[in-house]
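Everything on this sheet refers to the single structure shown next.
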Amino acid sequence: MNSYSKMTFGYIRHNFLRSMGIMFIPMLLLGLLLHPMSILEIIVSIGRKQETYGSFIEIFKKINGYTGAGRFVGIILIMIISIGFLSVMSGFTRQKMRYGLDNRGRWTIIGSHLNDNFIPVLKYLLLLFFSLEVVAVLLSTFLYTTIKLFKNALPMCLILAMLSLLFELLFLSMSLLTIPNMTMKGFGLFKAFGHSVYSLSAKIFKVFFSIVWVMILMALPMIFFVIFPFKGSSVLLSVFAILFYWVLASYIGVLVYAVYFDVEELEREDLKL
């Protein structure tokens with residue numbers, strides 16, 4: 001656990017309701033609809049030669065979780081709800097670290113945080129979603145091509161899946177400060193993204209590993225359930241999917257500002273309380 005992780009968990013410990021508490025409902029809904037181990041399920045299916053995925057579209061839909069019109073609409077609605085909750089959490093975190101304020105009992109502050117942070121959070125998540133879709137299209141294409149060209153496609157498919165995950169995690173790490181650059185400095189999306197890449201260039205691996213170790217820790221039970229399924233494992237898989245999204249969304253939502261205040265060398269007023 002590096003210093004960024006310690007700062008993040010330290011903040012969450014003292015502000016649980018306004019970090020993890022806020023994100024529970026949207027992540028509960030997301031975990032029930034969207035399976036975070038879909039790529040691993042594809043790889044396991046390929047390894048067992050089940051021939052489950054016979055086309056590019058089948059692989060692409062599986063990766064994205066778009067297995068039906070109803071599920072697609074549900075995912076979009078939950079994403080919109082999640083943006084609202086994440087906006088409120090972002091506002092509370094920024095205010096707490098910058099001013100040390102609590103505003104306990106002031107419900108109007110929720111509307112203020114939603115108003116100030118919804119558009120920046122929406123813009124950044126759209127950028128993140130676009131990068132995920134590009135990776136999904138490329139990975140689906142490569143996986144399908146590999147299945148058709150090679151009799152034993154498992155090693156190559158595994159490498160392709162790992163490379164796509166590595167790319168997306170690096171993109172997330174480099175763009176981590178995009179939201180605070182918009183909310184604190186008033187930058188537009190692309191200027192905020194560019195400044196994030198520039199300001200994190202010397203600390204990118206520190207940020208990267210502060211995200212990766214938490215993700216791996218939360219994913220380990222699900223990896224086991226997918227590779228070694230048993231009766232009732234699907235229920236446990238859903239439970240750990242909810243925990244995965246909940247912990248990760250709350251953690252990264254706080255990590256964003258913990259890293260920002262460190263990189264910008266700003267004093268955190270919440271640490272003085």
Side-chain angles (χ1 to χ4, degrees), residues 5 8-9 12-13 16-17 19-55 57-86 89 125 128-129 132-133 135-136 139-140 143 154 157-158 161-162 164-165 168-169 172 211-255:
S5 295
T8 301
F9 282 120
I12 291 174
R13 185 172 64 253
F16 182 84
L17 290 178
S19 52
M20 291 194 72
I22 289 175
M23 297 306 298
F24 178 71
I25 293 177
M27 294 305 103
L28 168 66
L29 298 173
L30 186 62
L32 292 173
L33 270 183
L34 196 58
H35 184 13
M37 293 291 112
S38 56
I39 295 177
L40 180 60
E41 286 186 338
I42 295 172
I43 299 300
V44 170
S45 177
I46 292 170
R48 292 172 179 166
K49 302 186 183 300
Q50 294 174 338
E51 299 183 359
T52 308
Y53 306 101
S55 69
I57 292 297
E58 288 178 358
I59 296 174
F60 179 74
K61 287 168 66 177
K62 177 64 177 179
I63 290 175
N64 283 294
Y66 305 152
T67 53
R71 182 177 289 269
F72 175 76
V73 172
I75 290 172
I76 297 300
L77 288 175
I78 291 171
M79 290 296 185
I80 295 172
I81 293 170
S82 299
I83 290 170
F85 279 85
L86 187 58
M89 190 189 80
L125 290 185
L128 203 59
F129 176 77
L132 285 168
E133 289 302 294
V135 170
L139 181 58
S140 300
L143 288 178
L154 180 61
C157 288
L158 191 58
M162 292 299 294
S164 67
L165 179 61
E168 196 55 44
L169 287 175
L172 173 63
I211 297 172
V212 168
W213 81 266
V214 176
M215 180 174 287
I216 292 175
L217 183 65
M218 297 307 300
L220 281 176
M222 293 185 289
I223 293 172
F224 178 83
F225 297 147
V226 171
I227 297 176
F228 306 105
F230 54 89
K231 186 178 180 180
S233 62
S234 59
V235 175
L236 289 173
L237 199 55
S238 295
V239 171
F240 279 98
I242 293 168
L243 288 173
F244 177 84
Y245 286 124
W246 183 32
V247 172
L248 210 60
S250 305
Y251 175 81
I252 293 176
V254 175
L255 178 68

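At a threshold of 4.5 Å between non-hydrogen side-chain atoms, the residues L236 and M222 do not count as touching. Between M20 and V254, every side-chain heavy-atom pair lies at or beyond the 4.5 Å cut-off. Side-chain contact check for F244 versus M215: some heavy-atom pair is nearer than 4.5 Å. The side-chain heavy atoms of I252 and L172, taken from C-beta on, include a pair separated by under 4.5 Å. Taking the side chain as every heavy atom from C-beta outward, M27 and V247 never approach each other to under 4.5 Å. Between S5 and Y251, the closest side-chain pair of non-hydrogen atoms falls below 4.5 Å. Contact of the V226 side chain with the H35 side chain is registered, since non-hydrogen atoms from C-beta on lie closer than 4.5 Å. At a threshold of 4.5 Å between non-hydrogen side-chain atoms, the residues L86 and L125 count as touching.
The two atoms that bring L33 and G74 nearest to each other are CD1-C, 3.6 Å, heavy atoms only. Heavy-atom minimum distance, V135 versus S164: CG1-CB, 3.6 Å. Residues P229 and R48 approach most closely at CD-NH2, 4.0 Å, considering heavy atoms. For the residue pair A161 and I39, the shortest heavy atom distance occurs at CB-CG2, 3.8 Å. Here the closest non-hydrogen pair linking I223 and L40 is CA-CD2, 3.7 Å. Looking at every heavy atom in both residues, S19 comes nearest to M89 through O-SD, 3.3 Å.
Counting heavy-atom neighbours within 6.0 Å of L77 CG, excluding the residue itself, gives a total above 12.
For the atom pair CD1 of I43 and CE of M162, the computed distance is 10.5 Å after rounding to the nearest 0.5 Å. Between I46 atom CD1 and L158 atom CG the span is 9.5 Å, to the nearest 0.5 Å. From L143, atom CG reaches atom SG of C157 across 5.0 Å, with rounding to the nearest 0.5 Å. The CG atom of L32 lies 11.0 Å from the OH atom of Y245; values are rounded to the nearest 0.5 Å. L29 contributes atom CG, which lies 9.0 Å from atom CZ of F24 (distance to the nearest 0.5 angstrom). Between the CD1 atom in I63 and the CG atom in L132 there is a gap of 11.0 Å [rounded to 0.5 Å].
A donor-acceptor pair is defined here as one N or O able to donate and one able to accept, closer than 3.5 Å; such a pair exists between the side chain of S250 and the backbone of W246.
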